[in-house]
Protein chains: 2
Amino acid sequence: MPSQQSIRPREEEQFLRFLRGRGLRVTAARRALCREIFAQHGHIDADQVHAALAGAGHAVSRATVYRNLDLLVEAGLVHKVRLGGHRAVFEHVHAGGDHDHMACRRCGRIVEFVSPAIGALLTEICRAHAFDPGESRLQILGLCRACAASARPAALPLEAARA
Amino acid sequence: MPSQQSIRPREEEQFLRFLRGRGLRVTAARRALCREIFAQHGHIDADQVHAALAGAGHAVSRATVYRNLDLLVEAGLVHKVRLGGHRAVFEHVHAGGDHDHMACRRCGRIVEFVSPAIGALLTEICRAHAFDPGESRLQILGLCRACAASARPAALPLEAARA
DNA sequence: TCGACTGTTGAGACGGCATCTCAAAAAGCC
DNA sequence: GGCTTTTTGAGATGCCGTCTCAACAGTCGA
Ligand SMILES: [Zn+2]
Ligand SMILES: [Zn+2]
Ligand SMILES: [Zn+2]
Ligand SMILES: [Zn+2]
């Protein structure tokens with residue numbers, strides 16, 4: 001398969017380098033998974049990845065999807081996000097850099113936002129507590145504009161509980 | 001049981017008011033659960049609540065623990081927190097107000113912190129996106145001071161991925 | 001090129017946590 | 001106390017993810 005190789009995006013190159021650097025093998029499943037993730041935009045869960053691969057004629061088992069998604073996370077190419085404590089979703093790390101999420105409780109819509117100021121505050125807080133930060137998760141659950149409008153016109157406002 | 005009633009704390013009163021206001025019944029299980037949660041300090045998971053109740057001679061089923069913890073959350077008396085996407089932990093809402101969490105990946109220790117500045121930023125961000133905030137979850141996963149010290153003296157620093 | 005060595009895969013069992021089911025028990029109401 | 005409706009308990013079920021292990025397939029050296 002020569003032409004397939006030629007359009008291999010740089011993310012796949014990166015993944016292959018990561019694999020070789022670790023003494024791991026380059027397999028068909030890993031390449032297909034990597035290509036599929038970077039073909040998708042937005043957030044996608046493990047089962048959707050599984051289905052997408054099957055649809056693309058590269059069926060792999062669920063176990064393989066999970067294993068290699070973890071590998072992509074370790075390679076730093078993909079983020080694993082848990083919104084609302086349920087099923088984890090994955091998204092490729094895009095050039096823009098880090099972002100956080102607002103998730104609508106009603107329709108499930110996910111809105112992304114970037115706040116360098118928050119990142120700076122977190123760094124400062126960790127330093128103050130001598131805590132070595134690995135990863136931060138910041139999510140806001142609530143109602144998106146559309147759902148808030150259609151919800152209850154004269155509703156009692158939700159208290160803004162922080163948990 | 002007369003004296004038991006007399007020391008009933010105000011949180012239990014609040015819960016009872018919440019129940020009556022919803023047309024729900026005041027049961028022994030609900031009162032025991034409420035008392036147990038407010039007797040505990042810090043973070044406690046559903047099974048710990050279950051065990052604590054059994055130990056206190058108020059055994060209830062796991063299903064009842066889950067159902068009524070949800071009720072306490074709805075009443076706004078208890079927060080449900082998911083750290084690292086694993087087992088949910090509960091904590092009573094204490095007077096001091098909102099706080100967020102740092103969780104150690106190695107020993108599981110939970111450190112709380114308060115940052116009004118972050119709260120203000122979040123409010124601002126929600127306004128900018130016309131998003132009606134209900135609840136925010138901010139967690140930092142990493143290594144606590146003790147674990148970071150004992151981990152790897154000349155370790156390669158973890159990249160601070162934001163997810 | 002051809003094994004041999006070793007990492008990887010697939011199918012399904014398994015696990016933790018949470019929710020659901022439904023008959024029996026208890027709360028509220030008169 | 002008797003009636004109605006909610007709540008409970010025990011266990012089944014479900015979801016999401018991980019594990020097991022035999023078969024398979026990269027990789028590499030001969
Ligand atoms: Zn919405
Ligand atoms: Zn995102
Ligand atoms: Zn620690
Ligand atoms: Zn806390």
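Chain letters run A, B, ... following the sequence lines, proteins first, then strands; residues in each count from 1. Values below: all heavy atoms of this structure, side chains included; hydrogens, waters and symmetry mates excluded. Please read all numbers here as calculations on a predicted model, not as lab measurements.
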A.B. asks: In whole angstrom, give the distance that lies between atom CZ of A:Arg30 and atom C1' of D:dA25.
C.D. replies: 12 Å

A.B. asks: Tell me whether A:Glu13 is salt-bridged to A:Arg10, with the criterion being a basic N under 4.0 Å from an acidic carboxylate O.
C.D. replies: no

A.B. asks: Is a side-chain donor or acceptor of A:His92 paired with a backbone partner of A:Gln40 at a separation under 3.5 angstrom?
C.D. replies: yes

A.B. asks: Do A:Ile37 and A:Phe15 touch side chain to side chain, with heavy atoms closer than 4.5 Å?
C.D. replies: no

A.B. asks: Can you tell me the distance, in whole Å, between the CG atom of B:Leu19 and the C1' atom of D:dT5?
C.D. replies: 16 Å

A.B. asks: Using distance only, find each side-chain donor-acceptor pair of residues 43-53 of chain B under 3.5 Å and give its atom names and separation, not counting sequence neighbours.
C.D. replies:
from, atom 1, to, atom 2, distance (Å)
B:His43, NE2, B:Glu91, OE1, 3.0
B:His43, NE2, B:His101, NE2, 2.9
B:His43, NE2, B:Glu112, OE2, 2.9
B:Asp45, OD1, B:Asp47, N, 2.9
B:Asp45, OD1, B:Gln48, N, 2.8
B:Asp45, OD2, B:Arg87, NH1, 3.0
B:Gln48, OE1, B:Asp45, N, 2.8
B:His50, NE2, B:Val60, O, 2.9

A.B. asks: What distance separates A:Ile110 CD1 from A:Cys104 SG, expressed to the nearest 0.5 Å?
C.D. replies: 10.5 Å

A.B. asks: Which pairs, protein N/O on one side and nucleotides 18-22 of chain D N/O on the other, fall under 3.5 Å?
C.D. replies:
none

A.B. asks: Need one value for B:Ala29: base, sugar-phosphate or nothing, where a base atom within 4.0 Å counts as base even if backbone is also close, heavy atoms only.
C.D. replies: sugar-phosphate

A.B. asks: Are B:Leu141 and B:Ile118 grouped together when hydrophobic residues (ILVMFWY) are joined by side-chain heavy atoms under 4.5 angstrom apart?
C.D. replies: no

A.B. asks: Within residues 36-46 of chain B, which residues have any heavy atom lying less than 4.0 Å from an atom of DNA chain D?
C.D. replies: none

A.B. asks: Just how far, in rounded Å, is C1' of D:dG26 from CG of A:Leu24?
C.D. replies: 12 Å

A.B. asks: Output yes when a side-chain donor or acceptor of A:Arg30 lies under 3.5 Å from a complementary backbone atom of A:Arg25, and no otherwise.
C.D. replies: yes

A.B. asks: Expressed as a whole number of angstroms, how long is the span from A:Phe90:CZ to D:dC16:P?
C.D. replies: 12 Å

A.B. asks: Within this structure, what is the CZ-to-P distance between A:Arg22 and D:dT27, rounded to whole angstrom?
C.D. replies: 16 Å

A.B. asks: Figure out the CG/C1' separation between A:Asn68 and D:dG17, and round it to whole Å.
C.D. replies: 15 Å

A.B. asks: For D:dT8, take OP1 and OP2 only and decide whether either is under 4.0 Å from a side-chain N or O of B:Thr27.
C.D. replies: yes

A.B. asks: Counting N and O atoms only, with roles assigned by atom type, does the side chain of B:His129 sit under 3.5 Å from a partner on the main chain of B:Ile125, one being a donor and the other an acceptor?
C.D. replies: yes

A.B. asks: With sequence neighbours left out, what residues match A:Arg22 under side-chain hydrogen bond (donor to acceptor under 3.5 Å, both in side chains)?
C.D. replies: A:Glu74

A.B. asks: Given the rule that I, L, V, M, F, W and Y join up when any side-chain heavy atoms are under 4.5 Å apart, are B:Tyr66 and B:Val73 in one cluster?
C.D. replies: no

A.B. asks: Under 4.0 Å from any heavy atom of chain A: name the first and the last nucleotide of DNA chain C that qualifies, 5' to 3'.
C.D. replies: C:dT6 to C:dA11

A.B. asks: What residues, two or more places apart in sequence or in another chain, satisfy side-chain hydrogen bond (donor to acceptor under 3.5 Å, both in side chains) together with A:Gln14?
C.D. replies: none

A.B. asks: For D:dT7 and B:Arg25 - does any side-chain N or O of the residue sit under 4.0 Å from the phosphate oxygens OP1/OP2?
C.D. replies: no

